[in-house]
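Below you'll find the structure, written out as structure tokens, and then a few comments.
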Amino acid sequence: MIRRLTLHQLTIFTALAQHGNMTRAAKALHMSTPALSIQIKQMSDAIGMPLHEQIGRKLYLTDAGRRVEEAARDILNRLEALDSEIAELQGLEQGRLRLSIITTAKYFVPKLLGSFCQRHPAIEVSLDVANRDQCLNRLERNLDDLYIMGKYPEALAVEAVPFMENPLLVIAPSGHPLADRKNLSPKLLAEESFVMREQGSGTRLAAESFFESHKIELKTRMTLGSNEAVKQAVAGGLGLAVLSQHTLILDRASGAFAVLDVKGFPLIRQWYAVYPRGKRISAVTSAFLQYLISEGEKSIRSHP
């Protein structure tokens with residue numbers, strides 16, 4: 001009987017659908033894999049149909065499984081909305097905040113979040129750090145309250161609130177021949193090799209757009225999936241890179257990099273707080289959004 005399904009089981013099933021693997025789902029829920037498997041079997045027995053199938057190493061939901069996941073997510077989302085409504089009645093201090101941020105934002109969001117939580121110590125917070133594609137996937141599935149990214153998805157129905165500048169810089173290894181030159185023409189970089197973030201990265205998209213506008217085709221020597229890996233490659237002399245100024249906060253004093261003085265740089269982009277259009281945001285989410293905006297304004301005033 002479907003009515004016998006528990007909220008715990010629905011939570012387990014949405015995790016299984018998200019991760020596509022019993023071991024990863026169990027780890028995310030801090031369960032053992034056998035215990036999770038038993039719960040999924042009990043759900044299948046209650047419904048009277050298999051909810052997933054295993055093909056090779058991959059797990060796929062059946063038609064019934066997809067419908068169960070959709071219903072489970074609807075139920076859990078409604079309960080979370082109710083939780084937020086009750087929290088609003090109780091006051092801001094009883095709420096919950098779920099954030100998903102792209103990897104570059106990890107250099108400043110945790111600090112902002114820490115200051116916010118000091119003001120509201122009873123708020124329960126979860127923070128997911130992901131690449132852009134993973135963050136967009138979470139946004140499409142409405143898994144979080146806010147999404148912090150440098151380029152919002154224009155193809156999706158979202159509200160995108162700019163709150164802070166995101167300057168992009170060209171960096172080179174210390175001692176690079178161009179490091180001491182001023183007002184460099186972008187065309188001088190046409191012969192340089194570049195270390196780039198992965199396809200789809202907001203930083204990469206902005207860099208490619210800038211150089212394309214100057215009719216320059218970048219020579220990509222290496223593509224890496226994290227800012228830290230890109231910085232290590234540049235420090236090792238493998239090429240230049242375009243990175244957010246925020247990623248260099250802890251590296252300026254190391255002497256491993258030089259910021260090149262290139263015409264048109266820094267590229268001034270924006271950080272956005274994004275959420276699905278029409279979503280009813282909670283009092284906690286609204287408070288954090290206003291906090292981000294105020295901190296962004298402070299940042300502009302301190303760096304005119």
Is there a path of hydrophobic side-chain contacts, each under 4.5 Å between heavy atoms of I/L/V/M/F/W/Y residues, joining [Y] to [X]?
| X | Y | answer |
| --- | --- | --- |
| Leu136 | Leu205 | no |
| Met49 | Ile38 | no |
| Leu5 | Leu7 | yes |
| Val125 | Leu289 | yes |

Exercise. Residues in side-chain contact (heavy atoms from CB on, under 4.5 Å) with Thr11, at least two apart?
Worked result: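 side-chain contact (heavy atoms from CB on, under 4.5 Å) check on Thr11 returns Leu29, Leu76.
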Using a 3.5 Å distance criterion without hydrogens, assess whether the side chain of [X] forms a donor-acceptor pair with backbone atoms of [Y].
| X | Y | answer |
| --- | --- | --- |
| Arg132 | Lys151 | yes |
| Asp145 | Arg98 | yes |
| Gln39 | Leu36 | no |

Only counting residues at least two apart or in another chain, list the ones meeting side-chain hydrogen bond (donor to acceptor under 3.5 Å, both in side chains) with [X].
| X | value |
| --- | --- |
| Arg181 | none |
| Lys187 | none |
| Arg269 | none |
| Glu191 | Lys219 |

Within this structure, what is the [atom1]-[atom2] distance for the pair [X] and [Y], rounded to the nearest 0.5 Å?
| X | Y | atom1 | atom2 | value |
| --- | --- | --- | --- | --- |
| Cys135 | Ile101 | SG | CD1 | 8.5 Å |
| Thr285 | Gln290 | OG1 | CD | 12.0 Å |
| Gln9 | Thr14 | CD | OG1 | 12.0 Å |
| Arg4 | Met43 | CZ | CE | 14.0 Å |
| Leu238 | Ser193 | CG | OG | 9.0 Å |
| Leu146 | Glu159 | CG | CD | 11.5 Å |

Exercise. Would one find more than 12 heavy atoms of other residues, nucleotides or ligands at under 6.0 Å from atom CD of Gln54?
Worked result: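 Enclosed: over 12 neighbouring heavy atoms sit under 6.0 Å from CD of Gln54.
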Exercise. Is the number of heavy atoms from other residues, nucleotides or ligands within 6.0 Å of CG (Asn183) greater than 12?
Worked result: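 Yes, CG of Asn183 has more than 12 neighbouring heavy atoms, counting only those of other groups under 6.0 Å.
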For this session: Kindly indicate, with the supporting measurements, whether the criterion side-chain contact (heavy atoms from CB on, under 4.5 Å) is fulfilled by Leu99 and Asp128.
Result: CA-CA 6 Å; Leu99 299 176; Asp128 183 84; over 6 Å; no
Is there a side-chain contact between [X] and [Y] in this structure, where contact means two heavy atoms from C-beta onward sitting under 4.5 Å apart?
| X | Y | answer |
| --- | --- | --- |
| Ile102 | Ile148 | no |
| Phe108 | Leu113 | no |
| Val161 | Tyr272 | no |
| Met164 | His246 | yes |
| Tyr275 | Ile281 | yes |
| Ser100 | Leu143 | no |
| Val284 | Arg96 | no |
| Leu139 | Pro276 | yes |

For this session: Give the other cluster members for Tyr60, using side-chain heavy-atom distances under 4.5 Å between Ile, Leu, Val, Met, Phe, Trp and Tyr residues; answer none if it is isolated.
Result: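 Hydrophobic cluster check, Tyr60: joined to Ile55.
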For this session: If you link ILVMFWY side chains whenever their heavy atoms are less than 4.5 Å apart, which other residues fall into the same cluster as Leu188? By chain and number, please.
Result: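 For the cluster that includes Leu188, the remaining residues are Leu168, Val170, Leu178, Leu184, Leu189, Phe194, Met196, Phe210, Phe211, Ile216, Leu218, Leu240, Val242, Leu260, Val262, Phe265, Leu267.
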Exercise. Side chains of Ser244 and Asn166: do they bring a donor and an acceptor to under 3.5 Å?
Worked result: yes
Seminar exercise, completed: Contacts of Phe288 meeting ring pair (Phe, Tyr, Trp, His ring centres under 6.0 Å) (sequence neighbours excluded), chain-then-number -> Phe116
For the residue pair [X] and [Y], what are the closest heavy atoms and their distance?
| X | Y | value |
| --- | --- | --- |
| Thr62 | Pro50 | OG1-O, 2.8 Å |
| Lys263 | Ser185 | CD-CA, 4.5 Å |
| Pro167 | Pro266 | CB-CB, 4.0 Å |

Check residues 222-235 and write down every donor-acceptor pair under 3.5 Å in which the side-chain atom is one partner and the other belongs to a residue at least two apart or another chain.
| residue | atom | partner | partner atom | Å |
| --- | --- | --- | --- | --- |
| Thr223 | OG1 | Arg204 | NH1 | 3.4 |
| Ser226 | OG | Ala229 | N | 3.1 |
| Asn227 | OD1 | Arg197 | NH1 | 2.9 |
| Asn227 | ND2 | Thr104 | OG1 | 2.9 |
| Glu228 | OE2 | Tyr107 | OH | 2.3 |
| Glu228 | OE2 | Lys231 | NZ | 3.0 |
| Lys231 | NZ | Thr247 | O | 2.7 |
| Lys231 | NZ | Asp251 | OD2 | 2.6 |

Problem set entry | Salt bridge Arg78-Asp74, side-chain N to carboxylate O under 4.0 Å |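 No.
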For this session: Scan residues 14-37 for pairs that pass salt bridge (charged side-chain N to carboxylate O under 4.0 Å, His left out), counting only residues two or more places apart or in two chains.
Result: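 Residue pairs passing salt bridge (charged side-chain N to carboxylate O under 4.0 Å, His left out), neighbours aside: none found.
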Exercise. Which pairs with one or both residues in residues 133-144 pass side-chain hydrogen bond (donor to acceptor under 3.5 Å, both in side chains), sequence neighbours excluded?
Worked result: Glu69-Arg141, Arg138-Asp144, Asn142-Lys279, Asp144-Tyr147
Problem set entry | With sequence neighbours excluded, residues passing salt bridge (Lys or Arg N to Asp or Glu O under 4.0 Å) with Asp63 |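 Partners of Asp63 by the salt bridge (Lys or Arg N to Asp or Glu O under 4.0 Å) criterion, ordered by chain and then number, come out as Arg66.
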